[in-house]
Structures are given as C-alpha cells and as structure tokens.
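Contents: one structure, followed by commentary.
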Amino acid sequence: MSITARSQRALPILLAVILFFAVNAIIERLGGGARIDLTEDGLYTISESTKKLLAGLDQPISATLYFSEDAAREYPQLFAYGRRVRDMLKAYAELSGGRFRLTVIDPEPFSKEEDDAMGAGLRSITTPDGRRIHLGLVVRDMTDREAVIPFFDPQREDLLEYDLTKIVNNVAAGRRPTVALLTGLPMKPKGLPGFAEESDPGWVIYDQLKQFFTIEDLGPGFRKIPADTDILVIIHPPKLDDTQLYLIDQFILKGGRAVIFLDPFSEASVNRAPGQFEALVPIASDKALAPLLKAWGVEIVPEKIVADRTLAQRVTTGGMGPDAIKSYPVWLRVDAAHMARRDPVTANLTTVNLASVGAIRRDGNSPLTFEPLVTSSADSALVDASLGRGIPDIDAYWRDEFKPDPETFDLVVRLDGVVDSAFPDGPPYAQADEAADDEAEDEDGKAADAPGDSADAAATAHLAKAAGPIHVILGADSDLFDDRFWVQVQSMMGQRVSVPMADNGALLLNAIDNLAGSEALIGLRGRRIKDRPFVVVENLRRRAESRLLEEERRLEDELQRTQQRLDQLESQKPSEGGVLTPEQEAEIERFRARVLEIRQQLRAVQHELVADIERLKLRLALVNILLVPVLLVLGALVAALLRRRRPADA
Amino acid sequence: MSRATWTVFKRELAAYFATPLALVFIVIFLVLAGALTFYVGGFFERGQADLQSFFVFHPWLYLFFIPAVAMRLWAEERKSGTLELLLTLPIPFAAAVLGKYLAAWAFAGITLALTAPLWITVNYLGDPDNGVILAGYLGSLLMAGGYLAIGMAMSATTRSQVVAFVLGAAVAFLFTVSGLPIVLSFLEGWLPATLANLIAGFSFLTHYDQIAKGILDLRDVLYFASVIALWLFITTVVVDAKREAG
C-alpha cells in the first residue's frame with residue numbers, strides 16, 4: 001500500500017475518532033432526563049410526596065450546587081454520584097414550576113466561588129495532588145434563611161431524595177415544629193462549648209431530632225411545658241412528681257400531641273454509668289406515667305419484657321467457635337411483617353431493633369382506639385424483666401424458661417380518642433394546699449412557693465375531660481434509640497457520619513412528624529432498603545438451632561446422670577487398700593466410656609449446626625459453577641455421537 | 001437488520017458452534033465466573049440477596065473472554081483465504097461486518113444467559129431486587145458489545161489469531177483501566193489535564209457501574225453505542241483496505 005493510500009485510509013478513521021469524542025462530549029452535557037429506573041423500589045425516581053412539596057412551594061427557593069466536576073472525574077464513584085445529585089436537583093427544578101431555582105457551580109481553586117462555598121459551611125475532599133473536590137448544596141429562601149448539605153456522601157445515596165427534600169422542606173416550611181423533650185437518658189451532647197464534639201457527641205437520634213425540630217429540653221425538675229410546644233416527646237423519663245404528671249396530663253388533654261416511650265428495663269441507663277455499682281441495676285420507667293395510662297385505659301405490663309424466638313436478634317457471645325453467634329430472644333429485630341403497613345409511621349420501615357421491650361395492653365373499657373404499630377411474633381412470651389440483667393446464660397434460658405405464648409404482644413401503639421383526666425379533682429397542689437392556694441391567688445404574687453410554681457398550669461382552666469380526641473404514640477422500649485442498637489457511627493474525613501442499620505431513628509422521626517402534621521416527608525423515610533438477607537440460610541440456622549438445642553439438652557441430661565452414677569460408684573470404692581470387684585471395675589469403665597461418648601456427640605451436634613449451612617453453600621457453588629458446563633459438554637458429546645451415526649445410517 | 005446481514009449473522013453464529021472451541025470458551029467463562037463469585041467475591045458469606053459479587057468481575061473476565069471470541073472473526077477468514085469469497089458475495093460490505101459482529105455479540109449474550117442458575121439461586125436464597133439484576137445483565141451485555149467491537153477491529157488488522165487476541169486484550173485493557181484513579185494520576189504527569197480528564201470519561205467501568213446500579217441512563221447507553229459504532233467503522237475501513245491490498 002502506498003503512503004497516499006495509507007493516509008487515505010487513516011483520514012476517515014481519524015475523523016471517526018474526532019466525531020466519537022465530540023458526540024460523547026455532547027452526551028455528557030445532556031440532562032439526566034432520559035433514564036429508566038429498574039430498581040424495585042424506584043430508588044432513583046422522584047416520589048409523589050416530593051412532587052407535592054415542590055408543586056406547593058409558595059415562595060421562591062434558590063439552590064446552589066457546588067460540584068467540582070473536573071477534579072472529581074478521577075474518582076468514578078464520586079463523579080457519578082455528583083452527576084446524579086445534579087440530575088436529581090435539575091428534576092426538582094423542573095417539577096417546581098420555576099419556584100425552585102438551581103445554579104450549578106464548578107468552583108475554580110482559590111476563586112470567589114470557592115470562598116463562598118467554604119463560607120457557607122461546605123466541606124471538601126482534598127485529592128493526593130492537592131486539588132479540592134466540592135460536592136455540597138446551599139439552599140436559601142427569599143429572606144436568606146439558609147440550609148446546607150456540607151458534602152454529599154456517596155454512602156447515603158439511597159437517602160439522596162430524602163436528604164434533598166428534607167432540606168427544601170426545612171427552608172420552605174419557615175418555622176419548624178417545636179418539640180418539648182423529657183428524658184432521663186444521656187441523649188444530649190455534653191461537654192465544654194467548642195469541645196462538645198470531643199467530649200460526648202450525644203446520641204445520633206438527638207442529632208436527627210435537632211435537624212428537623214426545635215427542641216426544648218425539659219429538665220428533670222420542670223415546672224412548665226413551653227407554650228409554643230407542638231409535640232411532647234417523653235423517652236424514659238426520670239421520676240415525675242404529681243405536678244409534672246398533671247402538666248403532662250393537661251397538655252395532652254388540651255389537644256397537645258405526645259410521643260411516649262417508656263421502658264420496663266432500660267439497658268442504656270445500665271451501660272452508660274460504668275464503675276458505679278448501684279447504677280448496674282437498670283432503671284425502669286414503665287410506671288412513670290402509670291396514673292395517666294390508667295386514665296386512658298392502657299398499661300405497660302409491669303416488670304415484664306417480651307422474649308421472641310422468631311424475631312430474636314443474633315448476637316456475638318465472644319469466642320470464635322461455631323456457637324459464637326446466637327439468637328438472643330429478649331433483643332428483637334422486628335421486620336416489616338410485624339409492623340403496621342398502612343400507617344405512615346411504620347409503612348416504609350424495614351427493621352426496628354428493640355432491646356428488652358415491654359408489652360402494652362388495652363383495658364376492655366378504654367375509650368381509646370388502639371392501633372398496634374409494632375408487634376411481636378406469635379413465637380413470643382412475657383418473661384421477667386430481671387432476665388435482661390447481667391450476662392444471661394442464653395442456652396439455659398432457651399431450655400428452661402422459654403414457653404411461647406400464642407398471642408402476639410403490642411410493642412408500639414397509636415392511641416386516639418377522648419379521655420378523662422387522671423386528675424378529676426383538679427390540680428394536685430390545689431388539693432394538697434387548698435386554703436393556701438386560695439390566698440395565694442387572692443394576694444397575687446405570692447404564688448412562688450413550691451406548689452405555686454405551677455402557676456402556669458393553674459393559669460389556664462383545668463380540664464377534667466379532653467376537649468377533642470388526644471393523639472399519642474406509645475412505645476414500651478427506650479433502648480431502641482441508643483446508638484448501638486441501630487446506627488453505625490463512623491468518622492469519615494473528620495466528619496461524624498452515621499449509617500443506620502435499622503429504622504429506629506425513622507420510627508421516632510415519623511411518629512413526631514406524623515403527629516406534627518407535616519406529611520411531606522413521611523413518604524420518604526425508611527425508603528432505603530439495603531438489607532436483603534438470605535432468608536433460606538437464616539431459617540436454616542434458626543431451625544437447626546432449635547432442633548439441636550433439644551438434642552443438646554437431652555445429651556447434657558444424660559451426661560449429668562451418667563456422671564452422677566459414676567460418682568456414686570466411685571464413692572462406693574472401699575477405702576485405701578481395698579479392692580473393687582471386677583464387676584464394679586467394669587461398670588466404672590463402661591460409664592467412663594459413655595461420658596466420653598456423650599461429650600463427643602455434643603461436639604458433633606454443635607458442628608452440625610455450621611455444617612448444614614456449609615453444605616448448602618457447597619451445593620449451590622457446585623450447581624452454579626459446574627451444572628451448566630457439564631450439561632453443555634454432555635450435550636456436545638451427544639450431538640457428536642448423533643452426527644457420527646448419521647452417515648452410517650445413510 | 002437487512003437480509004444480507006441476517007444471512008451472515010446466521011452463518012457466523014452457526015460457525016461458532018461447529019467447532020468445540022466455542023464450547024471451551026463458554027465452559028471456561030462459566031466456571032471462572034461462578035468460582036470468582038463464590039470464592040473470591042464472597043457471594044455466600046455476604047449473605048445479601050444481590051448479584052454484586054457476580055457483576056463486579058465482568059469487566060475483568062471480558063478482558064480475556066471477549067478478545068478470544070473476537071480474534072477469529074477476520075483473522076481466520078484472511079488466513080484461510082475465505083475473506084475474498086465473503087467479499088465477493090453480492091451483499092453490501094457493511095452488512096457483512098454488521099452480521100459478523102452481531103453473531104459474535106449474540107454468542108456473548110448466550111454465554112451470559114447461561115449464568116441464569118445464579119439468578120435462580122439468589123431468588124431461592126432471598127428476595128433480591130430483580131430490577132437491579134436485570135440492569136446488571138443489560139449493562140454487562142452492552143459492555144461485552146464494546147469489548148467485542150474493539151476485538152473485531154483488532155482481528156481485522158492481522159492474519160494471526162494470537163496477535164488479534166493480544167491486540168484486542170491490550171486495547172480493551174486501556175478502555176477499562178482508564179477510569180482508575182491510579183492510571184489517571186499517572187497520565188496527568190504526561191498529558192494536559194483536560195485530555196487526561198477526557199480519557200477518564202471513556203472508561204467502560206464508569207458507565208457499566210452506573211447501569212449495574214439499576215438506572216438505565218440514556219447517556220450510558222449512548223456511550224456504549226458510540227464505542228461500538230466507532231470500532232465497527234474502523235473495522236470496515238481496515239477490512240476494506242486489506243481487501244484492496246490483497
């Protein structure tokens with residue numbers, strides 16, 4: 001081929017390559033409108049509640065996305081995620097009818113844009129070669145009220161829409177609901193100002209509450225519930241006196257709403273006080289609101305917790321052996337099947353982890369409608385609350401204590417209806433000190449004494465019966481909000497990043513949000529469905545465990561009996577110098593052998609548990625690796641044989 | 001598909017199964033894919049009902065499997081002298097290229113379909129998101145198409161199947177690793193940053209990962225389509241040149 005011919009050939013190829021680059025440069029800049037979401041839950045599709053929120057925006061909201069597209073290109077995951085965030089925000093802008101305005105900025109290093117981004121509180125990642133990658137969002141309304149997402153963490157990809165809608169909602173809603181929080185748990189961050197994060201960052205749930213709501217902390221000695229409170233949240237309260245109970249009673253009766261989580265056995269208050277001996281006795285709060293609950297016709301079964309074999313959490317008991325992981329029936333991992341699917345509070349939740357939870361019961365004559373939100377399975381029973389104390393012998397518990405009760409227990413319920421006050425005769429201090437109270441009110445200003453502290457409660461008229469239906473969500477556990485039961489907290493590039501393992505946080509946020517009446521976000525929570533376990537394997541493990549436990553128990557009983565018999569025989573041994581009859585010798589030998597044999601069988605039983613699962617794995621691996629190849633080879637051989645035979649037939 | 005393309009397609013696809021070689025390829029691919037999924041990807045230990053530990057190996061498996069499938073496409077015809085015969089047939093030249101390509105792609109698709117037991121397995125074990133799995137298969141098929149177009153162009157440049165395989169694997173390798181940060185920081189030392197960035201956007205990995213997550217984005221599909229179109233065009237030009245050169 002001559003040189004000219006060669007270059008004639010090269011030219012079209014060169015042109016094609018240029019065209020290829022040009023086409024892709026254009027494709028790159030296309031919006032992300034044309035896409036098909038193939039995920040089952042529509043993880044990449046904008047949901048109805050977001051659409052409703054965007055369509056209903058009554059004032060313009062501007063959003064600025066800082067995305068270092070050029071620098072991020074080197075990090076495919078981050079780059080792809082940045083593009084996704086951008087596309088999603090573009091879709092928001094389209095859906096809002098012009099009310100939501102999006103600006104995308106790729107900040108140059110050391111530019112004014114970069115300064116703005118950092119000034120707004122955005123964070124960046126620095127690449128090894130010193131470039132900064134920004135991927136954050138600033139949302140503002142007309143009055144320059146501002147909210148930011150400092151950095152979009154790709155790990156939260158499933159929650160992207162939730163995060164975006166949340167921030168838009170927060171800026172758009174103006175005032176956030178005010179939550180009065182009463183708790184005896186160390187949820188709040190503690191420490192010196194400025195060093196707060198280092199000393200005790202508090203519980204993640206508190207952080208999340210703060211993101212959505214204005215929190216008014218009611219101290220243990222509170223004497224009023226702030227007037228602008230939208231919702232009262234009570235989680236494992238300290239001991240309450242009559243005045244405080246009365247305040248709560250009246251707040252709810254006057255149309256206030258409440259989310260209440262009491263606990264017959266608070267593991268959190270045990271574990272949070274290391275080194276203090278008396279603190280090792282867990283504090284119960286199941287009776288803290290007993291007078292109110294009694295007036296409502298509900299109760300938390302006192303000093304009992306629910307043990308559930310089917311929903312048992314799997315826990316590591318230490319060691320490396322096959323029995324290092326066991327089912328622990330007083331810690332529950334409640335799945336979607338045991339939560340109310342139609343109720344917005346639990347509809348989208350996949351799992352809620354509970355620890356030593358109580359059971360809520362309704363009196364026959366309660367005036368309230370009683371809708372269970374979270375329940376136990378039928379394979380559960382009420383056991384003594386003290387069982388959760390110390391380090392329980394799990395195996396002994398399974399063997400001796402556990403007798404499932406066919407009824408299911410209600411763990412979290414929704415209560416609606418008109419109730420009477422727990423204080424039919426008026427404020428408790430009025431009864432206690434009637435005369436003094438009268439005087440105090442006459443000579444106004446003298447109401448500052450201990451009973452008179454409750455002037456706020458007295459100032460408004462006493463209600464003996466609720467004016468309208470009360471709305472309460474009541475749960476019988478408080479440990480579910482402890483970080484260790486539902487969230488993994490990691491430090492990523494100097495930030496505290498929390499990745500939920502269960503929807504405990506969403507349960508509380510949903511409950512508060514639902515009662516606060518802002519529906520926009522409810523459809524979005526708990527959307528994340530990450531955990532799709534091998535159900536077959538889990539069931540196999542559970543079945544094997546309960547089957548093997550029986551066998552283990554039988555063997556251990558036999559071992560004990562044999563051992564006793566052996567001891568008996570040996571004690572019959574004549575004292576020193578005496579000789580056993582050959583029969584006795586043989587008997588002892590036989591029992592010794594039997595003991596060894598039983599021990600061996602016990603070990604075998606324990607091995608078998610793991611073996612079943614290993615067998616399944618091996619079988620599946622073989623099927624997947626070899627089945628089709630073997631069939632293909634056989635098919636080919638048959639075909640070859642047939643081909644060879646055909647000419648012979650002809 | 002025109003009739004001429006269809007004719008070539010059928011002939012080529014049948015040719016794959018006429019020799020035991022294709023069977024060997026399929027068997028090796030299936031065994032490797034299965035073994036990697038179970039023993040390297042930790043499919044069972046992860047305990048999650050998805051096929052992530054299966055799809056993650058596809059780019060690297062294709063790196064060898066696809067050039068092996070593509071190597072004979074033109075090299076063999078040229079070596080055995082049947083290329084002239086094919087080209088003297090009264091069919092448009094481009095139709096022959098397309099027919100051959102589609103046959104090879106169909107072969108790759110059949111191989112991929114034979115991994116269905118894994119899909120059945122994961123549905124037996126748990127409750128997977130089958131939409132995401134479907135997306136994974138679609139993405140994998142598109143990526144196979146990209147590798148195949150490259151391999152086919154390489155096969156057109158030489159009479160030796162071995163050389164075709166090596167070239168195909170080498171170019172495919174470049175299209176795969178160009179998205180890895182380590183390669184990019186190396187490139188940036190040599191090339192202007194914009195050019196290096198441009199190259200990064202052309203990695204198969206980036207686009208494949210996007211699709212395998214469960215979103216079939218037009219941009220990712222167009223990317224693979226443009227890759228395939230480019231290399232098919234190059235094939236046409238190269239084969240045409242060789243024909244004229246004899």
Side-chain angles (χ1 to χ4, degrees), chain A residues 1 5-6 9 12-13 16-17 19-21 23-25 27-28 30 32-41 43-44 70 73-77 79-80 83-84 87 127-129 157 529-538 613 616-617 620-621 623-629 632-633 636 640, chain B residues 20 23 26-27 30-31 34-35 37-39 44 47-50 114-115 117-118 121 124-132 134-135 179-181 184-185 188 193 197-198 200-203 205-206 209-210 213-219 222-223 226-227 229-230 233-234 237-238 240-241 244-245:
Chain A
M1 202 193 292
R6 203 175 265 269
R9 292 299 167 190
I13 292 182
V17 170
L19 183 68
F20 169 73
F21 277 94
V23 164
N24 274 286
I27 292 173
E28 185 88 336
L30 285 179
R35 48 165 48 176
I36 306 169
D37 185 347
L38 292 169
T39 59
E40 207 175 272
D41 303 303
L43 285 178
Y44 302 96
D70 240 25
R73 223 174 264 271
E74 287 177 37
Y75 300 86
Q77 196 203 5
F79 178 65
R83 286 205 328 182
R84 170 140 189 251
D87 294 347
T127 64
D129 55 355
E157 175 153 18
I529 299 188
K530 254 274 155 79
D531 197 34
R532 290 170 176 271
F534 285 165
V535 184
V536 172
V537 178
E538 303 233 316
I613 292 161
L616 177 70
K617 179 193 167 181
L620 288 176
V623 165
N624 279 290
I625 297 170
L626 293 179
L627 179 69
V628 175
L632 284 177
V633 170
Chain B
L23 189 67
I26 295 183
V27 166
L30 292 179
V31 170
T37 305
F38 270 86
Y39 294 107
F44 204 82
Q48 287 292 310
D50 61 37
L114 288 174
T115 62
L118 203 59
T121 301
Y124 158 71
L125 283 173
D127 171 31
D129 188 336
N130 283 312
V132 175
L134 176 70
L180 299 178
L184 282 162
S185 46
E188 283 198 338
N197 281 340
L198 202 62
F202 289 106
S203 171
L205 291 180
T206 326
D209 287 348
Q210 275 297 98
K213 266 188 201 161
I215 346 155
L216 200 59
D217 193 310
L218 184 67
R219 290 173 296 188
L222 283 179
Y223 164 76
S226 71
V227 168
L230 172 72
F233 177 75
I234 293 176
V237 173
V238 171
D240 200 30
E244 281 181 15

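The sequence lines fix the lettering, A, B, ..., with proteins before strands; numbering per chain opens at 1.
- Both the backbone and the side chain of B:Ser226 come within contact range of chain A, judged by heavy atoms closer than 4.5 Å.
- Heavy atoms of B:Tyr124 lying under 4.5 Å from chain A belong to its backbone as well as its side chain.
- The candidate from B:Val238, B:Leu216, B:Asp209 with the greatest count of non-hydrogen atom pairs under 4.5 Å with chain A is B:Leu216.
- At least one side-chain heavy atom of A:Asp87 sits under 4.5 Å from a side-chain heavy atom of B:Arg219.
- Each of A:Ala640, A:Pro629, A:Ala636 has some count of heavy-atom pairs under 4.5 Å with chain B, and the biggest count is that of A:Pro629.
- Looking only at distances, a side-chain donor or acceptor of A:Asn624 sits under 3.5 Å from a matching main-chain atom of B:Leu118.
- Looking at B:Tyr223, the atoms closer than 4.5 Å to chain A (heavy atoms on both sides) sit in the backbone and in the side chain alike.
- If you measure heavy-atom distances from B:Leu114 to chain A, the contacts under 4.5 Å come from both the backbone and the side chain.
- No other option in B:Ala35, B:Pro20, B:Gly34, B:Gly214 has as many heavy-atom pairs under 4.5 Å with chain A as B:Gly214.
- Taking A:Leu620, A:Val23, A:Val623, A:Val633 one by one and counting their heavy-atom pairs under 4.5 Å with chain B, the maximum is reached by A:Leu620.
- For chain A, the option among B:Leu30, B:Val132, B:Leu230, B:Asn130 with the highest count of heavy-atom pairs below 4.5 Å is B:Leu230.
- The candidate with the highest count of non-hydrogen atom pairs below 4.5 Å against chain B, out of A:Leu632, A:Leu626, A:Val536, A:Leu19, is A:Val536.
- Looking at heavy atoms from C-beta onward, A:Ile625 lies in side-chain contact with B:Tyr39 at the 4.5 angstrom threshold.
- Neither the backbone nor the side chain of A:Leu627 comes within contact range of chain B; no heavy atom of the residue lies under 4.5 Å from a heavy atom of that chain.
- Options B:Thr115, B:Thr206, B:Asp127, B:Thr37 differ in how many heavy-atom pairs under 4.5 Å they form with chain A, and the most are formed by B:Asp127.
- Both the backbone and the side chain of B:Ile215 come within contact range of chain A, judged by heavy atoms closer than 4.5 Å.
- Residue A:Ile613 touches chain B through both its backbone and its side chain, counting heavy-atom pairs closer than 4.5 Å.
- Counting heavy-atom pairs closer than 4.5 Å to chain A, the top-ranked of the candidates B:Ala49, B:Gly126, B:Ser203 is B:Ala49.
- When side chains are defined from C-beta on, A:Leu616 counts as touching B:Leu125, because their heavy atoms get closer than 4.5 Å.
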